[in-house]
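Values in this document were obtained by computation on a predicted structure and should not be read as measured data. Lettering of chains follows the sequences in order, A, B, ..., and the numbering in each one begins at 1.
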Protein chains: 2
Amino acid sequence: MARLPIYLRALSSLAERGTATVSSEELAVAAGVNSAKLRKDLSHLGSYGTRGVGYEVEYLLYQISRELGLTQDWVVAIIGVGNLGRALAGYGGFASRGFRVAGLLDADTATVGQDIAGMTVQHIDELETMIKDHGVSITVIATPASAAQSLCDRVVAAGVTSVLNFAPVVLSVPEGVDVRKVDLSIELQILAFHEQRKAGGPEENGTSQYIEAVEA
Amino acid sequence: MARLPIYLRALSSLAERGTATVSSEELAVAAGVNSAKLRKDLSHLGSYGTRGVGYEVEYLLYQISRELGLTQDWVVAIIGVGNLGRALAGYGGFASRGFRVAGLLDADTATVGQDIAGMTVQHIDELETMIKDHGVSITVIATPASAAQSLCDRVVAAGVTSVLNFAPVVLSVPEGVDVRKVDLSIELQILAFHEQRKAGGPEENGTSQYIEAVEA
DNA sequence: GCAACTTTGTGCACACATTCACAAAGGCAT
DNA sequence: ATGCCTTTGTGAATGTGTGCACAAAGTTGC
Ligand SMILES: NC(=O)c1ccc[n+]([C@@H]2O[C@H](COP(=O)([O-])OP(=O)(O)OC[C@H]3O[C@@H](n4cnc5c(N)ncnc54)[C@H](O)[C@@H]3O)[C@@H](O)[C@H]2O)c1
Ligand SMILES: NC(=O)c1ccc[n+]([C@@H]2O[C@H](COP(=O)([O-])OP(=O)(O)OC[C@H]3O[C@@H](n4cnc5c(N)ncnc54)[C@H](O)[C@@H]3O)[C@@H](O)[C@H]2O)c1
C-alpha cells in the first residue's frame, strides 16, 4: 500500500519524541488520513494493535519496515548528473532509509570524473558493469527525455527491475519491471487546474474562435 | 482529471511531428493507458472527436490546455534555494508550459543575493511583499521539513491557495487550499516494496525476535 | 471479579474508476 | 446516392477504494 511510507515517517517522528504507544486516531491525524482507513491498512499486515490501548510505536515501526523491505539495504544508481541528478546525489534522505547510492553516471565528458557528494561520476559506458558489480536493484533516470527510453532499455537488459524516472516521457518496459515517474510539470498543471476552478467557477464557455454552432 | 497533462504531452509530441489527426487507440498507446479510458476522459471535456477519423491534434491540444487553465500564465515562487531549489529554478520545463517563476526566496544570508538562473535570491522576509507584488498564485516549498509548515502558513495567510511541497512532512492547510506533495523517498520505498515481492515471493514469515507463539 | 470505558478490526454500503463491448455516427470509395 | 469500414461515445458490468458504524476485545478503576 502506497501510504505505508507516510505512516512510517509519522511513527519515526513519534518514536523520536519518545512516545511508546499511539492510537489509530492520533496516527491518522499525523499522517493526514482517515482513522478507519489507517486501521484497515494496518490490518492487512496482521493484527498488531491492542484494543483499548492502540499500537506499540516501535513494534509497528518494525513491522512496516519489514513489509516495505526496508530491513535490507537497496543499491541505487543515478543516471544523468545535471541539475536534478546533483540534487539527488547530495540528498541525505535516501541513506537514512536504507537506500545506498552506488554510483553516478553521465554521458557528458565534462561531467565524468567530477567529484559529487563524495562520489566520482562515471561514464555511461560503465553502466552495465556498475549494475553487475554493485548489485544495483533500483535505477534513477535524471537525463533529458530523449535519452530516457534507450537508457531504460539498457538497465532493464542488465537485470534491473525498478526504475524511478524524472524525464517527462512514458517509459515502456516489459512485464515484471516497475517504473515510477516523478513529473513536476504535471504536479504544477494539476494545481493550475484546481486554481482555475476556484477562480473561474462553473462558467463554462469561452471556446472562442472554435465555436461555430450552439444548440438550445 | 490527473491524466490530462499526460495526454497533453503526447499530443504536443505528435504536433511537433506534424501529425494532423490521431485515433484514441494511437494516443492511448502514446500515453500508456487504455483507449476506452482515454475516450471517456476526453468525452468529459465535450465531443471533440470525429467518428471514423479520430481527434484533430491541434484542436484537442487547445481544448485540453484550456481545461487545465494553461491558456493563462501562472506565477510561481520558490522557497528554499538549496540543492533542490536550484535545480527547480534552472528547469526549463516550467516556462514552456506557462509557469513563470517570479522569484526565489531563502533564509540563509549566504544564499540571499546570489544570482541563480537569471534571478536574484531574495530574503524570506520579502515573502509577503513578493506574493502581493507579483501576484504569485502557486508556491513551491523546497526547504527542510522543520521550516515547511510555518512557511506554508505564511503563504496561505498571504492569499496563496496552491502549494507544491518537497519537504517530507504532511502540511495541514485550511479548506480551499490545495497541497501537492513530491516525495522521492516514498517513491523509492514503493519500488523497494515491489522489488521485495518479486524477489522473496509469498514466503510470509521471519518476524524474528518478535514472534512468540505460532498457531497451527 | 465486575462493570465501564477505550480502541481495534471489519462488515456493509456507497461512490468512483476501469474495462468491455457495441450501437450510432461519420467518412470514403465506388 | 449507397453501402462498407473505421472510430467514437457510452451503457453496463466489474473492480477498487473509502468511510461509517458497531460488535468484539482488551484495559483500567473500583
Ligand atoms: N531540474 C528540474 O527541476 C527538473 C524538474 C522536472 C523534471 N526534470 C527532468 O529531469 C531530467 C533532468 O533534468 P536536469 O535539469 O537535471 O537536466 P540537465 O540537462 O541539467 O541534466 C541532464 C544530464 O543528463 C546527462 N545525459 C544526457 N544524455 C545522457 C545519456 N545518454 N546518458 C547519460 N547521461 C546523459 C547530461 O550530460 C546532463 O548532465 C530532464 O528530463 C528534465 O526534464 C528536471
Ligand atoms: N535534494 C533532493 O534530492 C531532495 C529529495 C527529496 C526531498 N528533498 C527535500 O527537499 C527539501 C530541500 O532539499 P535540499 O536538498 O534542497 O536541502 P538544502 O538544505 O540543500 O536546502 C534547503 C534550503 O532551504 C533554506 N531554508 C531553511 N529554512 C528556511 C526558511 N525558514 N525560509 C526560507 N528558506 C529556508 C536553506 O537556507 C537552504 O538553502 C528538504 O525538505 C528535503 O528533504 C530533497
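Within a heavy-atom distance below 4.0 Å of DNA chain C, no residue of residues 170-178 of chain A is found. Contacts between residues 10-21 of chain A and DNA chain C, counted as heavy-atom distances below 4.0 Å, involve no residue at all. Using a 4.0 Å cut-off on heavy atoms, the residues of residues 24-35 of chain B that approach DNA chain D are B/Ser24, listed by number.
We find that NZ of B/Lys37 is positioned 18 Å from P of D/dT10, with the value rounded to whole Å.
A side-chain contact (heavy atoms from CB on, under 4.5 Å) with B/Ser162 is found for exactly one of B/Val136, B/Ile138, B/Val179, B/Val156, namely B/Ile138.
Between A/Arg3 and B/Tyr55, the residue anchored closer to the 5' end of DNA chain D is B/Tyr55, taking for each the nucleotide with the nearest heavy atom. Residue A/Val53 is the one, among B/Ala36 and A/Val53, whose nearest nucleotide of DNA chain C lies closer to the 5' end (criterion: closest heavy atom).
With sequence neighbours excluded, the residues that form a side chain to side chain contact (heavy atoms under 4.5 Å, CB included) with A/Ala147 are A/Thr143, A/Leu151. A search for ring pair (Phe, Tyr, Trp, His ring centres under 6.0 Å) contacts involving B/Tyr91 returns B/Phe94, not counting sequence neighbours. The salt bridge (Lys or Arg N to Asp or Glu O under 4.0 Å) search around B/Glu128 returns B/Arg154, not counting sequence neighbours. Partners of A/Val182 by side chain to side chain contact (heavy atoms under 4.5 Å, CB included), not counting sequence neighbours, listed by chain and number: A/Leu164, A/Phe166, A/Leu184, B/Val182, B/Leu184, B/Glu187. For B/Ala20, the side chain to side chain contact (heavy atoms under 4.5 Å, CB included) criterion is met by no residue, not counting sequence neighbours. Residues forming a side chain to side chain contact (heavy atoms under 4.5 Å, CB included) with A/Ala15 (at least two apart in sequence, or on another chain): A/Val57, A/Glu58, A/Leu61. Checked against salt bridge (Lys or Arg N to Asp or Glu O under 4.0 Å), B/Glu26 has no partners two or more places apart in sequence or in another chain.
Among residues at least two apart or in separate chains, salt bridge (Lys or Arg N to Asp or Glu O under 4.0 Å) pairs with a member in residues 27-44 of chain A are A/Arg3-A/Asp41.
The backbone N or O of A/Ser172 lies less than 3.5 Å from a partner atom in the side chain of A/Gln149, making a donor-acceptor pair. Without hydrogens or angle criteria, A/Asp178 side chain to B/Leu191 main chain gives no donor-acceptor distance under 3.5 Å.
Side chains of B/Glu16 and B/Ser12: no donor on one and acceptor on the other come within 3.5 Å.
Taking every nucleotide of DNA chain C with any atom under 4.0 Å from a non-hydrogen atom of chain B, the first and last of them, 5' to 3', are C/dT18 to C/dG27.
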Give the intermediate values and the outcome of side chain to side chain donor-acceptor pair (under 3.5 Å) for residues B/Glu56 and B/Thr21.
-> CA-CA 4 Å; B/Glu56 194 187 328; B/Thr21 62; over 6 Å; no
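Distance from the side chain of A/Arg39 is smallest for D/dC22 among the nucleotides D/dC22, D/dG11, D/dG9.
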